[in-house]
Amino acid sequence: MADVSDNTFSRRLRAGDALLGLYNGYPAEGILEAIGPGWDFVWIDGQHGQFSVESALRAVRTASALKLETVLRAPSHDPGLLGQYADTNASAVMIPQVDTRATAAAVVAALRFPPRGKRSFGGRRPIDVHGRDYYLSCEPAVIVQIESREGLENVDSIATTDGVDALFFGGDDMKLSLGLPVNTVIHESDLLVEAQRSVAAAARAAGKACGVPVANPDDLRDALGLGYRLLACGGDIGFLRTGSRQALEQSRRVLDEK
């Protein structure tokens, strides 16, 4: 892993700690303040969530105030945009659709300072928080998503790419890439179960961490058994929807009783 001595998140990944995370898709700091405390990290979704670079920065700041580690997913492989995401001072940057070793090496280069990479110095928030020497010890962890048939075929070489800190299994895109309906339950498909195992095995062989979303306690137990330690256990969208439906159903039952 990268030498990120001031990055507690990276140290915990290296130590093999199991980290429980909250998915964040809405750029609303109040929601994060209400449901964030107690989790180990928040996964801020700059790819499929409703974040701009500016609102992602606000989410990182809010999470920092809550003592939450931050995994900020970028929307693309664009080096300039990856630099902006790194400059939020997030604990980690997640990059989607990393299908080859060459792509993994390119995104690492965009997130690492010379001589290891090509990231530009001068991030406003890192300087304000850590001073001008931030480049020596405050680089984000690099998490790459394996979410396609091609990514699976190359997972071993991706995992051993210098500078990649963790692999993250992307289940929904993997389903589409393998020709499966998007609502396929992972444990009901041998293809998906084997894909999930392959990602975990590649990470383990390379001495890297691996992560996955989990929908329920059984999924969490299965993921832990495979070696996954970066675990997204739900998020603002689902929690809001579930809470609203439960309240509505309870209230309707009271009306029916009358």
Side-chain angles (χ1 to χ4, degrees), residues 1-17 19 41 43 46-47 69-123 126 130 133-170 195-212 226-230:
M1 276 192 182
D3 180 16
V4 280
S5 59
D6 287 346
N7 190 327
T8 304
F9 181 81
S10 293
R11 292 200 300 271
R12 294 191 69 184
L13 286 183
R14 282 197 296 272
D17 291 354
L19 304 178
F41 71 92
W43 173 14
Q47 182 190 21
E69 301 291 346
T70 46
V71 175
L72 178 56
R73 177 158 65 174
S76 75
H77 303 160
D78 176 75
L81 191 56
L82 290 177
Q84 285 185 292
Y85 274 69
D87 284 348
T88 65
N89 201 44
S91 308
V93 175
M94 179 185 288
I95 303 93
Q97 298 176 315
V98 176
D99 296 332
T100 67
R101 183 182 180 91
T103 300
V107 297
V108 168
L111 293 166
R112 295 285 179 255
F113 292 109
R116 298 185 66 198
K118 300 179 180 180
R119 180 180 168 191
S120 178
F121 174 83
H130 301 289
D133 287 340
Y134 77 93
Y135 69 97
L136 296 173
S137 60
C138 296
E139 291 180 323
V142 176
I143 302 172
V144 300
Q145 286 198 267
I146 309 298
E147 46 188 349
S148 72
R149 186 185 297 272
E150 184 180 9
L152 272 180
E153 292 169 352
N154 295 310
V155 68
D156 293 323
S157 62
I158 293 169
T160 57
T161 302
D162 184 40
V164 167
D165 297 308
L167 308 181
F168 196 91
F169 182 75
Q196 202 172 43
R197 285 177 179 157
S198 295
V199 171
R204 183 169 58 252
K208 307 292 177 70
C210 57
V212 66
L226 291 173
Y228 286 93
R229 292 295 181 268
L230 186 63

Inset, instruction - Give the minimum heavy-atom separation between D165 and R112, together with the two atoms involved. - result: OD2-NH2, 3.1 Å

Inset, instruction - Look up atom NE2 in H130 and atom OH in Y135, then write down how far apart they are to the nearest 0.5 Å. - result: 14.5 Å

Legend entry - Contact list for residues 73-95, test salt bridge (Lys or Arg N to Asp or Glu O under 4.0 Å), sequence neighbours left out: D45-R73, D87-R119

Legend entry - From CG (L13) to SG (C210), nearest 0.5 Å: 10.0 Å

Legend entry - Check: N89 side chain, P126 main-chain N or O, donor-acceptor pair, under 3.5 Å: no

Inset, instruction - Can you see which heavy atom on G151 is nearest to which on I158, and at what distance? - result: O-CD1, 4.0 Å

Legend entry - Interatomic distance, I143 atom CD1 to L167 atom CG [nearest 0.5 angstrom]: 10.0 Å

Legend entry - Side chain to side chain, Q84 and P79, heavy atoms closer than 4.5 Å: no

Legend entry - Residue pair V164 / A104: nearest heavy atoms and the distance that separates them: CG2-CB, 4.1 Å

Inset, instruction - To the nearest 0.5 angstrom, please state how far the CE atom of M94 sits from the CG atom of L72. - result: 9.5 Å

Legend entry - For the student: nearest non-hydrogen atoms of V155 and S198, plus distance: CG1-O, 4.3 Å

Inset, instruction - Run through L19, T70, D17 and flag the one making a side chain to side chain contact (heavy atoms under 4.5 Å, CB included) with F9. - result: L19

Legend entry - Check: Q145 and Q97 side chains under 4.5 Å, non-hydrogen atoms: no

Legend entry - Any donor-acceptor N/O pair, D156 side chain to A202 backbone, under 3.5 Å: no

Legend entry - For T160, side-chain hydrogen bond (donor to acceptor under 3.5 Å, both in side chains) partners two or more places apart: R101

Inset, instruction - Not counting sequence neighbours, which residues clear salt bridge (Lys or Arg N to Asp or Glu O under 4.0 Å) with D162? List them please. - result: R116

Legend entry - Heavy-atom side-chain proximity of V199 to L152 below 4.5 angstrom: yes

Inset, instruction - Check the angle between the aromatic planes of F113 and Y134 and answer parallel, tilted or perpendicular using the 30° and 60° thresholds. - result: perpendicular

Legend entry - Closest heavy-atom pair and its distance - S148, D99: OG-OD1, 2.6 Å

Inset, instruction - List the atom of R197, the atom of L226, and the distance in Å for their closest heavy-atom pair. - result: CG-CD2, 3.5 Å

Legend entry - P75 vs Y85 side-chain heavy atoms within contact, under 4.5 Å: yes

Inset, instruction - Kindly determine whether L111 and I95 satisfy side-chain contact (heavy atoms from CB on, under 4.5 Å), including the steps that lead there. - result: CA-CA 11 Å; L111 293 166; I95 303 93; 3.8 Å; yes

Legend entry - Step-by-step side-chain contact (heavy atoms from CB on, under 4.5 Å) determination, T100 to E150: CA-CA 7 Å; T100 67; E150 184 180 9; 3.4 Å; yes

